[in-house]
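See structure below.
Values in this document were obtained by computation on a predicted structure and should not be read as measured data. Chain identifiers are assigned alphabetically (A, B, ...) following the order of the sequence lines, protein sequences preceding nucleic acid strands; residue numbering begins at 1 within each chain.
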There are 6 protein chains.
Amino acid sequence: MYEMGVVYRNIQRVDRAIALRLGAFGAATIHEAMGRTGLMQPCMRPIYPGARVSGTAVTVLLHPGDNWMLHVAAEQIQEGDVVVAALTSECSDGYFGDLLATSFKARGALGLVIEAGVRDVAVLSEMRFPVWSKAISAKGTVKATLGSVNIPVVCAGALVTPGDVVVADDDGVVVVPASWAQKTLDGASAREAAEGAKRAQLASGVLGLDMYNMREPLRKAGLKYIE
Amino acid sequence: MYEMGVVYRNIQRVDRAIALRLGAFGAATIHEAMGRTGLMQPCMRPIYPGARVSGTAVTVLLHPGDNWMLHVAAEQIQEGDVVVAALTSECSDGYFGDLLATSFKARGALGLVIEAGVRDVAVLSEMRFPVWSKAISAKGTVKATLGSVNIPVVCAGALVTPGDVVVADDDGVVVVPASWAQKTLDGASAREAAEGAKRAQLASGVLGLDMYNMREPLRKAGLKYIE
Amino acid sequence: MYEMGVVYRNIQRVDRAIALRLGAFGAATIHEAMGRTGLMQPCMRPIYPGARVSGTAVTVLLHPGDNWMLHVAAEQIQEGDVVVAALTSECSDGYFGDLLATSFKARGALGLVIEAGVRDVAVLSEMRFPVWSKAISAKGTVKATLGSVNIPVVCAGALVTPGDVVVADDDGVVVVPASWAQKTLDGASAREAAEGAKRAQLASGVLGLDMYNMREPLRKAGLKYIE
Amino acid sequence: MYEMGVVYRNIQRVDRAIALRLGAFGAATIHEAMGRTGLMQPCMRPIYPGARVSGTAVTVLLHPGDNWMLHVAAEQIQEGDVVVAALTSECSDGYFGDLLATSFKARGALGLVIEAGVRDVAVLSEMRFPVWSKAISAKGTVKATLGSVNIPVVCAGALVTPGDVVVADDDGVVVVPASWAQKTLDGASAREAAEGAKRAQLASGVLGLDMYNMREPLRKAGLKYIE
Amino acid sequence: MYEMGVVYRNIQRVDRAIALRLGAFGAATIHEAMGRTGLMQPCMRPIYPGARVSGTAVTVLLHPGDNWMLHVAAEQIQEGDVVVAALTSECSDGYFGDLLATSFKARGALGLVIEAGVRDVAVLSEMRFPVWSKAISAKGTVKATLGSVNIPVVCAGALVTPGDVVVADDDGVVVVPASWAQKTLDGASAREAAEGAKRAQLASGVLGLDMYNMREPLRKAGLKYIE
Amino acid sequence: MYEMGVVYRNIQRVDRAIALRLGAFGAATIHEAMGRTGLMQPCMRPIYPGARVSGTAVTVLLHPGDNWMLHVAAEQIQEGDVVVAALTSECSDGYFGDLLATSFKARGALGLVIEAGVRDVAVLSEMRFPVWSKAISAKGTVKATLGSVNIPVVCAGALVTPGDVVVADDDGVVVVPASWAQKTLDGASAREAAEGAKRAQLASGVLGLDMYNMREPLRKAGLKYIE
């Protein structure tokens with residue numbers, strides 16, 4: 001159901017300040033604040049430990065073994081964007097390396113999320129250009145077939161609409177649709193506010209069983225303790 | 001980005017006659033007529049050879065190990081529907097067996113597409129109730145957590161909006177959005193009309209190289225024949 | 001934690017009549033009657049559709065690429081046994097073919113469950129000697145290293161103690177420990193008795209929502225219907 | 001290390017009669033007669049049960065998502081050939097369907113072995129055109145990038161030189177280099193001659209332990225029987 | 001074959017000093033000292049390089065997408081324990097994060113081994129709370145269904161009885177049953193004592209061929225050197 | 001098609017200086033300079049970040065679960081070699097650890113590439129002995145069956161002839177045949193010379209679209225920009 005061979009120039013980006021504030025919470029908290037939804041599959045891994053990003057999505061649809069549209073996407077990048085690259089079928093080739101990273105960075109991109117492979121990962125890591133990918137592979141690609149830029153895409157199981165917020169860290173990649181951004185921010189703030197007190201209690205030896213009042217529901221569910 | 005705990009009762013289904021006509025072409029032709037798009041991932045396999053279906057999508061979102069919402073979905077089925085079940089994370093459990101198939105069939109469902117496992121496959125095969133799934137597993141599920149029915153879902157990499165046409169056969173599962181149905185039908189008809197003549201030529205020994213005029217582009221691309 | 005290089009000659013087999021009666025219910029029903037437990041992983045698939053077996057386990061532990069102990073196991077087979085072969089690490093080689101099947105059958109074996117590969121599957125299918133395996137592979141094995149026979153083994157995620165009942169069909173493989181056999185039989189009988197009436201109701205169009213009284217718990221959980 | 005963009009027109013095929021005689025033994029026996037070598041990986045599965053082929057290899061190297069070179073390969077097919085298609089990186093797309101099968105058959109091809117996906121499998125099965133592949137997928141491909149025809153390729157882990165014999169059945173795919181053909185034939189004949197007597201013995205209840213004189217080596221290796 | 005809905009309060013732990021001494025040898029040496037057995041599958045990977053643990057097992061059985069029983073398990077932890085979490089079917093969800101880690105640590109747990117996913121890995125790594133898991137995923141879980149605590153479980157292919165010693169490092173996870181602990185310690189000590197001298201010899205250029213006297217057995221097996 | 005039980009003592013190694021110069025370019029550049037060929041599959045990963053090697057291949061063929069031939073291979077190592085170990089079927093066992101690494105290093109080996117598992121990775125990393133493998137596993141192996149040393153092998157999808165150059169880094173492993181070494185060196189030099197200027201342009205904000213003159217071919221292919 002993808003429209004092929006098109007580039008949408010004007011997309012509605014979530015406000016950058018909101019994207020940054022969402023990013024501060026990290027992928028797990030944002031995912032919880034969204035009602036446990038919005039995550040990409042866990043095959044999407046950062047190329048170096050500690051990679052973190054939050055920004056607005058510029059999307060691109062690629063064909064197996066063909067990275068032509070990444071060059072087309074580069075022109076559509078604005079300061080604060082994260083490029084999200086989906087594929088029409090599974091491929092582990094190395095679509096992206098240090099030259100494209102240099103270009104993306106110069107255009108203002110904060111990172112890349114790609115449901116395929118990347119290469120030059122030693123250089124990308126030194127550049128601290130964060131990438132989440134399914135594979136690392138030196139395998140090069142051709143430039144022969146049109147995909148699209150800035151259409152809604154499914155990337156690693158998640159629907160990404162151009163302009164959505166993408167939050168990624170060591171725990172994975174989560175997508176926040178524009179219309180969910182503010183309430184997700186509120187939910188994440190509330191969640192995090194509560195966590196500090198919980199952590200202190202748990203650190204002091206209080207059990208989740210008591211803190212979350214689980215003993216009664218467990219008993220009702222039939223849990224039996226055997227001496 | 002899924003709305004949780006909701007059931008949309010009124011969905012706009014593609015006209016049933018169109019769904020049937022799309023189905024007559026099979027998944028591969030429909031996929032080509034859509035510009036080579038719309039397919040689910042090839043991990044989605046029919047439980048018996050020769051399974052075929054085309055109908056309108058009733059969608060359901062399930063949690064790992066929990067098939068509660070399939071019962072909720074049953075009530076929303078109308079004659080000619082195909083249930084499409086997506087998951088919030090990967091699971092191979094047997095969400096669906098002969099009792100649910102009996103219920104779905106009684107409500108008018110023509111088949112099931114589920115990004116998880118199914119069981120009682122011997123009985124389902126005898127019933128000729130076609131199912132496409134990622135796994136076959138006797139593992140049972142619980143009924144404890146709300147998902148949703150008739151929201152847009154991502155199933156095996158494809159976005160499915162309730163009411164879309166689903167065409168599935170031995171080659172896989174393809175989704176035709178409502179707005180694409182007519183032009184896809186036209187494209188598939190044109191494509192198939194051309195195939196008969198091509199098949200006859202190829203059967204007589206004519207080469208695709210000549211029939212598709214590939215020799216010149218191959219030469220230009222640099223192909224060398226070595227005696 | 002495996003004892004290596006030993007063969008236990010005397011094992012306590014579940015009564016054969018009980019094994020047969022358990023088998024009549026099929027893997028899914030037995031698994032449910034055991035409290036949804038006892039299953040091997042769904043990677044264990046029958047080599048032909050419609051394969052079914054129930055019998056008492058003779059276990060064997062094999063090393064990667066080495067089928068020596070299957071010959072040792074053959075001698076321990078009694079009428080009504082199913083051989084269950086576990087591995088010390090993952091291997092897809094073809095450990096078992098038509099010669100071993102001829103021998104196993106002559107000794108009274110009803111089938112094989114092996115967490116590895118098998119070969120000669122066309123002949124095994126003609127012989128109707130049922131096998132559940134992770135792979136089909138022509139790759140041969142050596143006979144060089146000792147494993148064990150009739151020790152407790154972990155096969156495809158399930159603990160199998162010699163003499164346990166193994167029930168397998170198109171839905172997978174389930175293991176019933178000796179001490180669970182009678183209550184599992186009772187539970188499966190009760191479960192199946194209830195299924196006939198349920199099937200009839202569902203076939204008449206009654207919904208699981210009503211038959212299982214799910215509407216109230218769904219409402220309490222917060223399910224919302226949207227017109 | 002692949003030479004790209006070339007088609008070798010003249011290849012040295014193993015004598016067709018030898019190819020047929022090798023095929024009569026099946027993949028497992030041929031593999032054993034070659035000293036347990038020559039097999040492709042077990043991910044290569046036939047599209048229908050009972051598929052069998054033996055013929056001489058016409059090889060083709062393909063890029064991900066691009067089946068252009070299959071059309072180039074068609075012209076190089078001679079009566080009795082089996083096309084062996086390797087890929088430069090992993091891809092599950094449907095490279096081959098009923099039109100190409102019609103063409104290949106008209107040119108004399110007996111079957112296809114492809115380290116990727118195929119489609120139209122219902123039609124291919126009806127045509128009894130045997131195919132071994134890694135995947136079944138309706139996903140179409142482009143025709144944009146040159147690979148090669150009749151160069152040595154690595155397909156599913158096996159080196160295939162044009163003209164080699166390919167023997168495939170339900171157990172998998174084995175490749176016999178031209179220089180190994182005669183001795184493999186001799187070895188397979190000897191092996192099969194011995195199997196009849198062995199099968200009869202095993203069927204009568206004689207154990208492999210005795211027939212193969214394994215008791216002494218097992219004892220020396222330290223095997224202990226426990227009553 | 002799992003008993004569901006039970007918590008065994010009193011388990012027999014291997015002496016803590018022995019657990020520590022076993023841990024000093026590392027997973028590979030302990031596995032060898034046990035006769036090359038006791039390992040979990042290699043899909044179990046530490047969340048940070050250099051993670052090491054040895055302790056006594058508190059076991060927990062979880063359902064897909066449900067981490068309720070981890071809270072129940074927390075109460076059963078004693079100083080020096082390692083929690084081992086098995087699943088009733090495959091799931092990659094993030095069952096465990098920094099709050100549970102805080103609680104487990106406060107109760108005296110030294111680490112976690114879980115056949116599923118974990119999250120908050122950046123924080124867990126900073127805390128130096130070692131975890132071995134199959135996946136890293138931000139995906140949250142529910143608290144709805146009873147499993148069990150301190151029953152024998154199969155985790156990543158290994159049987160773990162409560163109180164067993166668990167030794168884990170960069171090479172993987174090995175389980176030492178209580179009854180094997182002392183002899184494994186002796187075997188590991190002997191093995192390590194011999195390794196120092198071997199390492200020195202090999203470092204000086206002596207070949208394993210000579211040090212292990214392999215030349216004669218290789219010659220007997222038929223090895224041929226070709227100039 | 002592997003010759004079994006043989007060791008070729010005299011192999012033709014590519015000149016060491018050339019191997020070192022090739023290594024300076026890294027796997028991705030070398031692969032591109034070879035016309036995008038010669039790579040092993042991306043499942044081959046270094047055991048520590050930043051691992052790099054280039055050297056001449058000593059090859060070894062191993063059976064599943066058996067590392068005997070690695071000891072035979074050790075004797076054939078010369079200063080500047082990289083050992084490349086292929087398997088007759090898939091296996092993740094830990095074939096190689098710190099003792100063998102000590103021996104290999106003492107003989108002059110620069111690293112190991114193995115289509116299986118390795119162990120003692122913490123020690124290997126401290127030794128800075130680089131290894132590329134498919135798995136990390138503490139699982140030990142036996143020494144029972146002959147493979148071969150210095151025959152051409154297929155390792156992770158790539159054909160490796162003894163004496164070829166192996167270049168490996170964080171992006172993967174590439175094999176340069178002796179006859180391709182000089183032209184690959186020339187191609188890589190030319191490629192790298194051009195990259196500096198390109199990088200500077202891209203860093204200044206010039207787009208690949210303009211630098212590579214892609215706008216016209218994209219327009220011809222039908223790309224449409226939508227405001």
Side-chain angles (χ1 to χ4, degrees), chain A residues 25-46 49-52 157-158 167-174 191 194-215 217-227, chain E residues 3-11 47-49 65 67-77 91-94 97-108 116-126 133-151:
Chain A
F25 293 103
T29 296
I30 293 299
H31 155 76
E32 288 286 346
M34 290 174 70
R36 287 188 296 114
T37 184
L39 276 179
M40 292 190 188
Q41 290 154 347
C43 57
M44 299 299 286
R45 299 296 305 144
R52 288 184 73 101
V167 174
D169 60 19
D170 290 294
D171 289 340
V173 184
V174 65
R191 192 177 166 87
E195 287 214 342
K198 284 183 191 168
R199 191 175 294 107
Q201 278 203 276
L202 294 168
S204 75
V206 173
L207 286 164
L209 287 178
D210 298 308
M211 194 173 76
Y212 300 115
N213 297 311
M214 289 174 175
R215 293 195 189 273
L218 284 164
R219 197 191 54 78
K220 276 194 183 155
L223 188 65
K224 282 185 198 122
Y225 287 86
I226 298 169
E227 299 303 316
Chain E
E3 195 183 1
M4 292 288 182
V6 296
V7 181
Y8 285 87
R9 282 192 206 269
N10 298 307
I11 61 172
I47 58 167
Y48 56 85
N67 79 343
W68 209 11
M69 298 307 287
L70 286 178
H71 290 278
V72 178
E75 193 176 26
Q76 306 309 316
I77 294 169
C91 188
S92 65
D93 287 356
D98 72 324
L99 286 186
L100 266 169
T102 301
S103 177
F104 275 31
K105 203 171 176 178
R107 306 296 294 187
V118 294
R119 59 185 186 179
D120 301 333
V121 292
V123 179
L124 298 180
S125 300
E126 277 166 39
S133 70
K134 277 182 65 169
I136 292 168
S137 172
K139 179 69 164 53
T141 50
V142 299
K143 301 180 203 315
T145 307
L146 293 187
S148 291
V149 172
N150 280 334
I151 61 167

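Only the side chain of E:R107 comes within less than 4.5 Å of a heavy atom in chain A; its backbone stays farther off. Interface remark: E:K139 contributes backbone and side-chain atoms alike to the contact with chain A (heavy atom separation under 4.5 Å). Neither the backbone nor the side chain of E:V149 comes within less than 4.5 Å of any heavy atom of chain A. In this structure, chain A has no heavy atom under 4.5 Å from any part of E:S148. Heavy atoms closer than 4.5 Å to chain E are found in both the backbone and the side chain of A:L218. Only the side chain of A:R45 comes within contact range of chain E, with at least one heavy atom under 4.5 Å from a heavy atom of that chain. When heavy atoms are compared at a cutoff of 4.5 Å, E:M69 approaches chain A solely by way of its side chain, counted from C-beta outward. For E:Q76, the part lying near chain A is the side chain, with the backbone staying farther off; criterion is any non-hydrogen pair under 4.5 Å. With a 4.5 Å cut-off on non-hydrogen atoms, E:I136 touches chain A through its backbone and its side chain both. Residue A:P49: no heavy atom, backbone or side chain, is found under 4.5 Å from chain E.
Within the model, atoms CG of E:D120 and CD1 of E:I47 stand 9.5 Å from one another, a figure rounded to the nearest 0.5 Å. Here CD of A:Q201 is found 11.0 Å from CG of E:L99. Values are rounded to the nearest 0.5 Å. In this structure, E:H71 NE2 and E:L100 CG are separated by 4.5 Å, a value rounded to the nearest 0.5 Å.
In terms of modelled atom types and a separation under 3.5 Å, the side chain of A:D170 and the main chain of A:G50 share a donor-acceptor contact. With hydrogens and angles ignored, the 3.5 Å screen pairs no side-chain donor or acceptor of E:S103 with any backbone N or O of A:L202. Counting only distance, with no hydrogens or angles, the side chain of A:H31 and the backbone of E:G140 share a donor-acceptor pair below 3.5 Å. Distance alone, capped at 3.5 Å, is enough to place a donor-acceptor pair between the A:D169 side chain and the A:A27 backbone.
For residues 219-227 of chain A, the interface with chain E (any heavy-atom pair closer than 4.5 Å) comprises A:A221, A:G222, A:L223, A:K224, A:Y225, A:I226, A:E227, sorted by residue number.
With E:W68 as the partner, the side chain to side chain contact (heavy atoms under 4.5 Å, CB included) test is satisfied by one option alone out of E:V142, E:L146, E:T145: E:L146.
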Expected list for residues 205-213 of chain A: side-chain donor-acceptor pairs under 3.5 angstrom, two or more places apart:
{"unit_1": "A:D210", "atom_1": "OD1", "unit_2": "A:R215", "atom_2": "NE", "d": "2.7"}
{"unit_1": "A:D210", "atom_1": "OD2", "unit_2": "A:R215", "atom_2": "NH2", "d": "3.2"}

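With sequence neighbours excluded, no residue satisfies side-chain contact (heavy atoms from CB on, under 4.5 Å) with E:A106.
The salt bridge (Lys or Arg N to Asp or Glu O under 4.0 Å) analysis of residues 197-206 of chain A, with sequence neighbours excluded, yields the pairs A:E195-A:R199, A:R199-E:D98.
Chosen from A:S204, A:P217, A:G38, the residue pairing most often with chain E at heavy-atom distances under 4.5 Å is A:P217.
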